[in-house]
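Worksheet: one structure, shown below.
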There are 2 protein chains.
Amino acid sequence: MVALMPSSRPPHASHSTPTPSRTGRPRSVEAHAAILEATRAALVELGWSKLTMSDVASRARVAKTTLYRRWANKSELVVDAVAVLFDELRLPDRGSLTADIQGVVLQFAALLDRPEAKTALMAVVAESTRDEALRERIRSAIVDRQKRLVLLGRERAQARGELPYEEDPEQAARNADLIFDVIAGAVVHRALVSAEPVDGDWAHTFSLLLVNGLTAGPAPTLHTPERT
Amino acid sequence: MVALMPSSRPPHASHSTPTPSRTGRPRSVEAHAAILEATRAALVELGWSKLTMSDVASRARVAKTTLYRRWANKSELVVDAVAVLFDELRLPDRGSLTADIQGVVLQFAALLDRPEAKTALMAVVAESTRDEALRERIRSAIVDRQKRLVLLGRERAQARGELPYEEDPEQAARNADLIFDVIAGAVVHRALVSAEPVDGDWAHTFSLLLVNGLTAGPAPTLHTPERT
DNA sequence: CTCTTTCGCTACTGGTCGTAGCGTAACTCG
DNA sequence: CGAGTTACGCTACGACCAGTAGCGAAAGAG
């Protein structure tokens with residue numbers, strides 16, 4: 001995890017620095033948890049744009065100043081509040097790569113159906129286009145953590161003989177990133193932009209498409225063609 | 001187009017209703033264009049979160065009240081301001097489906113690299129999770145309009161014999177939607193969430209993956225498997 | 001017991017949203 | 001040309017929010 005042990009240090013830390021300062025009154029762990037919980041509750045009721053720091057503070061029975069001592073702004077707080085939801089994602093072992101992908105797609109869709117995740121995710125990504133620190137926080141707290149699902153899925157598929165083992169580690173990493181962007185991107189776009197349901201049917205068709213693409217061509221290697 | 005002829009009517013219209021009211025002073029077309037232009041400029045300089053209606057008004061040399069007479073809020077204004085950018089997308093005819101997809105992916109990536117598109121797109125989608133009217137406006141002004149690219153690409157591929165003709169029109173529509181979500185979703189995720197460059201190499205590998213997926217299995221038909 | 005840091009509280013500045021009310025400008029119709 | 005209708009620019013306003021400052025008190029560490 002990233003932000004469960006409130007590890008003080010400079011103004012706004014909340015991740016990294018496992019054993020930082022030692023003296024003085026420690027930050028309250030209960031308050032930390034209460035704030036994140038209150039943030040999620042406020043997201044459900046109010047959504048991103050109408051969520052206010054004062055409201056979160058009063059819900060968490062905490063002074064508004066305490067919020068600003070721990071998070072620089074609304075975006076960073078919301079990232080931490082929502083990040084933990086994504087850690088609930090699991091890769092089911094259903095016997096085939098297609099079925100595994102379908103399973104995780106449905107889980108991801110269920111997560112995106114929760115109002116607090118729905119409204120927060122896109123908003124913080126939007127903010128991150130103009131905030132390097134926020135982008136890094138999203139990456140470390142959410143995105144990079146969930147790549148585990150792709151890596152695990154590939155391992156299983158390789159063990160089953162559904163996917164070839166890749167020799168070049170750089171190539172393997174690029175492919176994992178590609179698969180991650182395709183899966184996460186497609187589901188998010190379907191659920192939030194197209195606003196159409198991600199049901200078992202869609203998830204199955206999509207999984208089939210992806211697995212076909214992965215296994216048909218002999219592992220698409222890089223060509224570096226001319227641009228536009 | 002949707003919002004070029006400022007077609008008055010009730011408080012906030014700006015799309016639909018081609019020839020509505022007839023009497024009274026007509027809305028200024030110059031003001032309309034100036035406002036959208038000013039909105040884009042403000043997005044470039046300030047980004048979504050720091051963009052204010054007052055600022056847009058003064059840039060467009062227009063009273064703030066005029067903005068509110070035409071758009072209900074910031075989100076709707078920004079959707080109209082940004083929508084026109086997406087109409088510049090073209091499907092190049094490069095001789096093969098893979099190359100065509102790669103070309104449009106690179107164009108889309110270039111569009112998402114523009115600060116005004118980058119910061120606005122995710123923000124309005126985030127808002128739309130709690131605003132049905134806004135969601136509909138995004139759909140009609142941006143999303144549905146760009147599905148033309150998928151339909152055209154499929155037509156060309158079918159003419160070349162790269163893709164089979166689909167008999168069931170419902171099935172064909174579902175597949176087009178799927179492809180649209182996969183392409184747009186993957187590119188957006190790569191560019192804005194993973195924040196990694198969408199270069200010719202990535203676009204080519206992705207296109208290969210997608211085309212393989214489309215042509216390998218005999219047109220993935222729906223199975224409707226059990227959920228989760 | 002002292003030092004250090006966090007805490008809750010109050011108060012404040014600077015800024016935004018969105019609206020109301022007014023007199024004026026522009027256009028249509030008869 | 002005149003009457004009716006609608007948009008416009010302007011000013012002012014109320015409500016609300018972000019983020020900060022300064023205080024005394026509390027909670028641990030050594």
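From a predicted model like this one, the values you see are computed outputs, not experimental measurements. Throughout, a chain's letter reflects where its sequence line sits, starting with A, and its residues are numbered from 1.
Between the base of C/dC9 and the side chain of A/Thr65 there is a donor-acceptor pair shorter than 3.5 Å. Side-chain atoms of B/Lys64 stay outside donor-acceptor range of the base of D/dG9, with no qualifying N/O pair under 3.5 Å.
Seen from the ring of B/Trp48, B/Lys74 counts as a face-on cation partner, given the 6.0 Å and 45° thresholds.
Shortest non-hydrogen contact noted between B/Arg135 and B/Ser128 is NH1-O, 2.7 Å. Here the closest non-hydrogen pair linking B/Leu149 and B/Leu89 is CD1-CB, 3.9 Å.
The pair B/Glu196-A/Arg139 counts as a salt bridge, with a side-chain nitrogen and a carboxylate oxygen less than 4.0 angstrom apart. Salt bridge status for B/Glu45 with B/Arg59: present, with a side-chain N to carboxylate O gap under 4.0 Å. The residues B/Asp144 and B/Lys147 are annotated as salt-bridged, a charged nitrogen and a carboxylate oxygen being separated by less than 4.0 angstrom.
Here the nucleotide nearest the side chain of A/Tyr68, chosen from C/dA26, C/dG18, D/dG19, is D/dG19. When the nucleotides D/dC8, C/dC27, D/dG19 are ranked by their closest atom to the side chain of B/Ser28, D/dC8 comes out on top.
A side-chain N or O of A/Asp87 and one of A/Gln146 form a donor-acceptor pair less than 3.5 Å apart.
Less than 4.0 Å separates DNA chain C from at least one heavy atom of each of the following residues of residues 48-62 of chain A: A/Arg61, A/Val62.
The side-chain contact (heavy atoms from CB on, under 4.5 Å) with A/Thr39 is formed by just one residue from the set A/Leu67, A/Asp80, A/Val78; it is A/Val78.
The side chain of A/Arg69 contributes no N or O atom lying less than 4.0 Å from OP1 or OP2 of C/dT6. The phosphate of C/dT4 (OP1 or OP2) has no side-chain N or O of A/Arg25 nearer than 4.0 angstrom. Contact annotation: B/Thr66 reaches the phosphate of D/dG9 (side-chain N/O to OP1 or OP2, under 4.0 Å).
Fit an axis to the five pairs at each end of the helix from C/dC1-D/dG30 to C/dG30-D/dC1 and the two axes sit 30° apart, to the nearest 10 degrees.
Looking at A/Asp181, its side chain never comes within 3.5 Å of a backbone N or O of B/Ala186 through a donor-acceptor pair.
Projected onto DNA chain D by closest heavy-atom contact, B/Gly24 and B/Ala63 fall at different nucleotides, the more 5' of which corresponds to B/Gly24.
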